[in-house]
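Report on the following structure.
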2 protein chains.
Amino acid sequence: MTATTGLRVLVVDDHDVVHWGFRLLLDRQSWVESCDGAAGLQEAVEFAANLRPDVALIDLMLGADSGAEACSAIREVSPNTKVLLISGAGRISPAVARSAGASGFISKDWGAADVVKAVRMIALGSEVFAEGGPGDSVGLSDREREVLGLIATGATNREIAGNLFLSPHTVKEHTSAIYRKLGVRNRAEAVRSAQGLGLLG
Amino acid sequence: MTATTGLRVLVVDDHDVVHWGFRLLLDRQSWVESCDGAAGLQEAVEFAANLRPDVALIDLMLGADSGAEACSAIREVSPNTKVLLISGAGRISPAVARSAGASGFISKDWGAADVVKAVRMIALGSEVFAEGGPGDSVGLSDREREVLGLIATGATNREIAGNLFLSPHTVKEHTSAIYRKLGVRNRAEAVRSAQGLGLLG
DNA sequence: CGTCAAACCCCCCAAAAGGGGGGTGCGAAT
DNA sequence: ATTCGCACCCCCCTTTTGGGGGGTTTGACG
């Protein structure tokens, strides 16, 4: 639905449990085409060079290696790969993560659904830098919030258009923007997400 | 979407404000084809006989006439018309309302959205008898709740089918049942409604 | 001054949704 | 003993959705 073609994901983590956990989690998503894993920096760079993954999930504590290093190394051999850094215990400043070329930074204790959503948002071009937790300030425009409210009432795009005196196509563009910003695929999930974020009454 | 053809609604109320309020409210709904009004019993019966409305909204306090009487009278001349009784202040037992042939009974201080929803639910064949308020115990089956939960994650019917080892078509029947029971037209509204009813985590 | 994002409009397309009809079997209730 | 809700399967159909292009204007911000 979002994905015209599935995403290729690379998981880099030296702990087998984490590593396989993510792979099982992501392989289950219909928009994930393939999900491979690497245990160390060298292996990760090889994979990245060959597979050109869309997203790389990199653990910050890569044994002897640093996650930030791995991030730079991967983006050197595969510049189109978006990197999502994952912290176990330690913290990292968004600035450091950004300068390493990462598109996002999350904590390992996020729920599975939120991690999955973060991967999707990054693949779609958003950045995810967690300060306090998932879903801080999504930054919908006024119009988008208005459309979102009508979506939640079950209105079709045509009805929304009639209500707001717009063309149905413009409404679709707003909905697309909403989905992108919320990291969501469709109306139903958008409503759920919006409720969780307190964007709806 | 729900309506292959729009609903015809008749509003019976001797207070002009209420009367027009409902008409304005309902005319705005895309699934309402026409919405006429009558001020008294006789007028109401005439309208019902000619227009054969799908739903009649009847005020309980019809001046000298009783709303329950009007209900019986209307269903005599137009048996397919579903009747929704509306109480201003007074209360009526569901038993009395049922024996008069009403499909539902609500209070005037319900929110606009809930009244609209009640009309739709009745038109779809459900009964709406308010005890404590709108949306008491919708009575989804286990399977339906399961499907609803997946809908809220943005899953498509095909994905739900894969997850629950069903055919996509069976999933669609569950979704239809969910929509009917919640008085809702589509996934987005179902998610919103379910949240409000506490059916989702 | 340019630039950028928001908001609006048009075209196209494939996929999904939603509703209609038909059917089966089960178990619980009347 | 028959009815009713639940769960499951098949066919058909139209509408809606979501994404892909392309474009304009406006107003804010540097």
Side-chain angles (χ1 to χ4, degrees), chain A residues 1-7 30-31 120 123-127 137-148 150-191 193, chain B residues 1-7 30-31 120 123-127 137-148 150-191 193:
Chain A
M1 155 160 258
T2 287
T4 54
T5 173
L7 291 180
S30 61
W31 42 274
R120 194 156 63 198
L124 293 172
S126 299
E127 296 201 329
S137 82
V138 276
L140 294 186
S141 73
D142 291 344
R143 209 43 153 177
E144 285 157 0
R145 254 192 305 279
E146 206 169 3
V147 169
L148 182 54
L150 289 170
I151 284 178
T153 72
T156 66
N157 288 337
R158 184 173 315 173
E159 286 167 353
I160 295 171
N163 249 291
L164 302 179
F165 304 102
L166 302 177
S167 91
H169 189 265
T170 299
V171 175
K172 294 212 300 184
E173 299 199 355
H174 287 311
T175 61
S176 295
I178 292 167
Y179 302 154
R180 183 169 32 75
K181 290 182 180 176
L182 293 179
V184 135
R185 290 182 297 162
N186 50 41
R187 325 198 132 212
E189 196 181 358
V191 170
S193 174
Chain B
M1 160 157 255
T2 287
T4 53
T5 173
L7 291 181
S30 61
W31 43 274
R120 193 157 64 199
L124 294 171
S126 299
E127 295 200 328
S137 82
V138 276
L140 295 186
S141 73
D142 292 345
R143 209 40 155 180
E144 286 157 359
R145 253 191 304 281
E146 205 169 4
V147 170
L148 181 54
L150 288 169
I151 284 178
T153 70
T156 66
N157 287 338
R158 183 173 312 169
E159 287 166 354
I160 295 171
N163 249 291
L164 302 179
F165 303 102
L166 302 176
S167 91
H169 190 264
T170 299
V171 175
K172 292 214 295 184
E173 300 201 355
H174 288 311
T175 62
S176 294
I178 292 167
Y179 301 155
R180 183 170 32 75
K181 290 182 181 177
L182 293 180
V184 135
R185 292 182 296 162
N186 50 41
R187 326 196 132 213
E189 197 181 358
V191 170
S193 175

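Sequence lines set the chain letters: A, B, ... in the order given, protein chains first and strands last, and positions in each chain run from 1. Just so it is clear, the structure is predicted and the values come from calculations on it, not from any experiment.
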key: Whole-Å distance separating the CZ atom of Arg187(A) from the C1' atom of dA15(C)   = 15 Å
ask   = When you check the phosphate oxygens OP1 and OP2 of dG19(D), does a side-chain N or O of Ser176(A) lie under 4.0 Å from one of them?
value = yes
Provide a list of protein-nucleic acid N or O atom pairs under 3.5 angstrom, restricted to nucleotides 5-9 of chain D.
unit_1: dA7(D); atom_1: OP1; unit_2: Arg143(B); atom_2: N; d: 3.4
unit_1: dA7(D); atom_1: OP2; unit_2: Ser141(B); atom_2: OG; d: 2.4
unit_1: dC8(D); atom_1: OP1; unit_2: Arg143(B); atom_2: NE; d: 3.2
unit_1: dC8(D); atom_1: OP1; unit_2: Arg143(B); atom_2: NH2; d: 2.7
unit_1: dC8(D); atom_1: OP2; unit_2: Arg143(B); atom_2: NE; d: 3.0
unit_1: dC8(D); atom_1: OP2; unit_2: His174(B); atom_2: NE2; d: 2.9
unit_1: dC8(D); atom_1: N4; unit_2: Glu173(B); atom_2: OE1; d: 2.8
unit_1: dC9(D); atom_1: OP2; unit_2: Ser167(B); atom_2: N; d: 2.6
unit_1: dC9(D); atom_1: OP2; unit_2: Thr170(B); atom_2: OG1; d: 2.7
unit_1: dC9(D); atom_1: N4; unit_2: Glu173(B); atom_2: OE1; d: 3.2
unit_1: dC9(D); atom_1: N4; unit_2: Glu173(B); atom_2: OE2; d: 2.6

task = Run the salt-bridge test on Arg120(A) and Glu189(A) with the 4.0 Å N-O cut-off and return the result as yes or no.
result = yes
query = Could you state the NZ-P distance from Lys172(A) to dG19(D), rounded to the nearest angstrom?
reply = 9 Å
Ile160(A) CD1 to dC8(C) C1', straight-line distance once rounded to whole Å = 16 Å
query = Sequence neighbours excluded, which residues qualify as side chain to side chain contact (heavy atoms under 4.5 Å, CB included) partners of Ala152(A)?
reply = Val191(A), Leu200(A), Arg192(B)
ask   = Does any N or O in the side chain of Arg187(A) come within less than 3.5 Å of the main-chain N or O of Ala188(B), such that one atom is a donor and the other an acceptor?
value = no
key: Between C1' of dA15(C) and OH of Tyr179(A), the distance in whole Å   = 14 Å
ask   = Can you check whether Asn157(A) has a side-chain N or O nearer than 4.0 Å to OP1 or OP2 of dT16(D)?
value = no
ask   = At under 4.0 Å, does any side-chain N or O of Arg185(B) touch on OP1 or OP2 of dA17(C)?
value = no
request  = Would you mind reporting whether Leu150(A) and Leu164(A) have side-chain heavy atoms less than 4.5 Å apart?
outcome  = yes
message = According to salt bridge (charged side-chain N to carboxylate O under 4.0 Å, His left out), who are the partners of Glu146(B), at least two apart in sequence or on a separate chain?
response = Arg143(B)
query = Are the charged groups of Arg185(B) and Glu159(A) less than 4.0 angstrom apart, N to O?
reply = yes
